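First up is the structure itself, then whatever we jot down about it.
Labels below follow one simple rule: chain letters A, B, ... track the order of the sequence lines, proteins then strands, and each chain is numbered from 1. Keep in mind that what you see is a predicted model, and the values were worked out from it rather than measured.
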Amino acid sequence: MAKTDGKNGSRDNGEETGRDWRETLFLPKTDFPMRAGLPNKEPGHIERWAEMNLYQQLREHGKGREKFVLHDGPPYANGNIHIGHALNKILKDIIIRSKQMSGYDANYVPGWDCHGLPIEWKVEEKYRKKKLDKDEVPVNEFRQECRDFAKGWIDVQKQQFQRLGIEGDWDNPYLTMNFEAERIIADELMKFAMNGSLYQGSKPVMWSVVERTALAEAEVEYQVKASPTIWVKFPIQTGRIKNLTHEINTAGQDLDNMMYSDASVVIWTTTPWTIPANRAIAFSKRINYGLYEVASVEEEGFAKVGEKLVLADALAESVQKAAKIEELKRLGDVDPSDIETCSHPFVGQGYDFPVRLYEANYVTDDAGTGFVHIAPGHGADDYIVYMANQRQFAADGITEVPLTVGADGYYMPDVPLFGGDDPKLVINQKGKFDNANPVLIEAMIEAGALLAQGKLKHDYPHSWRSKAPVIFRNTPQWFVAVDKTIEVGNTKGTLRDIAMNELKEVQFIPETGRNRITAMVEGRPDWVLSRQRAWGVPLTLFVKKGTTKYIPSANFANSDKLMNNINQAFAKDGADAWFEDDIKERVLAGLVDNLDDWEKVTDILDVWFDSGCTHSFVVEQRESLKREAGKRTANLYLEGSDQHRGWFQSSLLESCGTRGRAPYDAVLTHGFTLDKNGRKMSKSLNNVVDPLKIIKQSGADILRLWVGSVDYQDDQKFGQEAIRTASDAYRKIRNTIRFMLGNLAHYDEARRVGNVADMPELERYMLHRLHNLDKSIREDYAAYDFKKVFATLLNFCTTDLSAFYFDIRKDTLYCEAEDNADRLAALTVMDEIFNCITAWLSPILAFSMEEVWLSRYDEAANPKSVHLRQFPDVPDTWHDIEIAKKWRRIRKVRRVVTGALEVERREKRIGSSLESAPVVYFENVNVQELFEAFEGQEAADIFITSQASLKMEKAPGGVFRLDDVADIAVLPDMAQGKKCARSWKVLPDVGSDADYPDLSIRDAAAARAYDQKHS
RNA sequence: GCAGAUGUAGCUCAGUUGGCAGAGCAUUCGGCUGAUAACCGGAAGGCCGCAGGUUCAACCCCUGCCAUCUGCACCA
């Protein structure tokens, strides 16, 4: 009893003999540091993986397995990587690694998008600094500079991606600017030429008259500008009033047949110069319109008393004001769909086509008249209206988008009134609006078409470079028709239909992506492929002068030869070949009667076509990525959700148009990374988090763990706190594994407990847990639910291992004799836990699990890298539902005991739980099962007390209970006996062995065994 | 403006067919000192975005609103 008087009883370890028993214990022994020092260590792993050629070894290991093809969407090669890249690549890497470890051959071939405008800009910028004119440099010299620029950033990004721990074919990535890629891209384009869906049409683009070039949205900036505004009358030609008010009704008119003969539809515009291009008027069904009569006017103006106008009701007042109308009488409701056609203001002067009314959902009644004038050649919306009603336009004799303004800003010669020999000018070379607007307004006044005019200050697009205003102008472009029936292999239908059908087959993760892309494909216009630029893959076509006939095409007999020639030229020189002067001679000579009849197309392809082709020049071309015949090209495409409009769609259309099916089985999207407050990261907000900085400060594995822990399908917040959370989780996992490494230092393969049945139940319970985990981890990886993998494993580490199993087994592991069966079983199980956890975590913690693996095995590691492993096969013999049930009961009781001990601690009666010997009362048959669960178990071990007793009887008063565990009570008695100097347990048998007077019998025996071995 | 998504503890996330709001981490208090810049335990912490509705009962179902994000349209 002597040494059990509360806290001080534990202060004399080793005193009686003076011996330090530590050497006789099997304490954890490891060099594996608690602090990771990831930023310093990770580059070493990267080097080692390169030296051992891990990538090649992974391929060897994967040979013969079913392939899992995650096809990389190419980032654009023009800057350092940002957090979005990091998220994207890490997700891909986790998938690739987990698939490889799940028994697939999962190769990752990273790629880059290299062509396109942004790179061209940068190079042009350089030129400008050097006062060079791009147009004076030979095209291929310019292209070479673009190529060099892209190459520079590819090298930078490659390093950065590798630093993130992304495993893949970095020595042989795909680049859209590789000659072979350029060759195949051109070849793919020619497939569209051959199936007839490629055509030359025209489309309004932003055009800078000063620079004589089309501009992309990104090359345009908006500046405030004053524009003239005009209200123009379009007299109604045909149409019917159906819904007049009583007032008119009583005037005795023939309602059913009353024509709008004396009424006009009024439009409003800020661009008078587009009136010659007008071909229609748009209205909205959501707007209420009325027929109005000018009853009286304020002063002599454009409005005439008695004339009738159709206007949106909400805007009638503003029109009244603008036109200086004193009284405007509403005569009745108008449904614009009852109005069939109007005549153009310049009818009879060369503008004799009908101006039809069309419904367009974008029309609003917050400005103007509720009617929008449609000039298909001078506005994006206008063009859409045109495209949507192409058939009707054609029936009216409007067979193509009217081209009224030339590249120089002058009206075209064939434009009545304003073209001809003395064409009017819209915008002059100084970037100012010229005489077109005033002349137009004057002509409208003369025609009696003007109702009112004014001025408006508004945002107007200007060229980024010249600061001159731009105009919308239709220019010839190359399109892929989405609604023309084509034949692709066995599939016949329109490109849109084929794509829509395929979308039904594709798996979307999350499912909402399906609606998103389906809606887009359903409503999209024809695909504009051409760009009037230099850095890209050209449209490898020749057009017969003066016609729209192009080759190669299905009805040109020598198409195959031509395509073959082009392919050969590209294989040798890349797309640069096209820009050489002799290319026509080189590929077309002998195939046509007269070379001079044919003109080379100089446009380049939209870069989205490039990337839309990656499946063809990457996945289909590499043996390591080829799936079995009959399967879609790739299993999975994974990008940010913005790619529904981008890569997912361009790839879908390209593949459906050439192969008749989607290039992917599944599409997985992730959200965007926002700052810690959920705001978009932007330079102006100064809230951009640089992944490279995080790597430098905390390590790539912290970033990887963060990626593995968040709901990436939604947008994610990211900031210091997120890093700290990830670091905390990392530390917990690291230390749990470190504890295993320390104990496994004593593990001996030869002394494994081979048979599960020979193990203590606690060990079998842990094996059962592993069996369960194996199932859920595999499922979660397969479902790409990494945060669940993370949560499951972190929870396992804290709740099952650290706080339960390891805590309980410390005594067994440290104190039992070397050959003690329980100890060997515990080590065996720990080895299994180690095997599982390191494998399960290595897709996410790619660096740290390698560090752990090498820390344990070093040179003897087999395999040489944790990443060459498979997820361990977990034998079904581990599954034991009965033991699981039983131990859930035991843990329930344990909670009550722990609670009781806590009270003792708070009251300062005990410090360590080993000073206690609790008595657990099972008071009722309700808890009989709980009581019986302890049969054959060392309850004291489980409670981590020195002694314990269980009683199936009513507890005395005043004992401890937990609210949610009925009929269990715990009396936290003090342990009887002396404290064993070796195990620190308080036991009555301490001192029974004369050779070891300060030890318990168990410890004396273990110490003796140790001493004999070491004497 | 239109469409979609999201909103649960300080953070990251669970929440089954409606049935007493959960976990890990962080915080705080305590214990241990043989996992030690570690480990164990206790506690505190929530108008489940807001407001209605359905229901005996709503985080969950319905309606509206708010906030954030994404995409589209940014206009005549």
>> Give the residues of residues 22-33 of chain A touching RNA chain B, defined as any heavy atom closer than 4.0 Å, sorted by residue number.
In response: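 Heavy-atom contacts with RNA chain B come from A/Arg22, A/Leu25, A/Leu27.
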> Quick one: do A/Lys979 and A/Glu915 make a salt bridge, cutoff under 4.0 Å?
Replying inline: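 No, A/Lys979 and A/Glu915 are not salt-bridged.
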Which one, [options], comes nearest to the side chain of [X]?
X	options	answer
A/Phe806	B/A35, B/C25, B/C72	B/A35
A/Glu721	B/C39, B/C13, B/G10	B/G10
A/Tyr814	B/G34, B/C72, B/G24	B/G34

>> If only side-chain N and O atoms count, and only distance matters, is there a donor-acceptor pair under 3.5 Å linking A/Lys732 with A/Ser802?
In response: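 Note: A/Ser802 and A/Lys732 side chains meet the donor-acceptor criterion.
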NA contact type, [X], heavy-atom cut-off 4.0 Å: base, sugar-phosphate, or nothing?
X	value
A/Ala803	sugar-phosphate
A/Met520	sugar-phosphate
A/Lys788	nothing

Measuring to OP1 and OP2 of [N], would you say a side-chain N or O of [X] lies under 4.0 angstrom away?
X	N	value
A/Ser802	B/C40	yes
A/Lys908	B/G31	yes
A/Arg731	B/A37	no

> How far, in whole Å, is B/C25 from B/A44 if one measures between their C1' atoms?
Replying inline: 15 Å
> Could you state the interatomic distance from CG (A/Leu38) to OG (A/Ser848), rounded to the nearest 0.5 Å?
Replying inline: 4.5 Å
>> Could you walk me through whether A/Phe718 and A/Asp675 satisfy the side chain to side chain contact (heavy atoms under 4.5 Å, CB included) test, starting with their C-alpha distance in whole Å, then the side-chain angles of each, then the deciding distance to 0.1 Å, before giving a yes or no?
In response: CA-CA 5 Å; A/Phe718 187 68; A/Asp675 78 357; over 6 Å; no
>> Dot-bracket for RNA chain B, please. Rules: Watson-Crick or G-U, both distances under 3.5 Å, ( ) within the strand, [ ] when a pair crosses earlier ones, | for another strand, . otherwise.
In response: (((((((..((((.....[..)))).(((((.......))))).....(((((..]....))))))))))))....
> Planes under 30° and centres closer than 5.5 Å, is that true for A/Trp984 with the base of B/G34?
Replying inline: yes
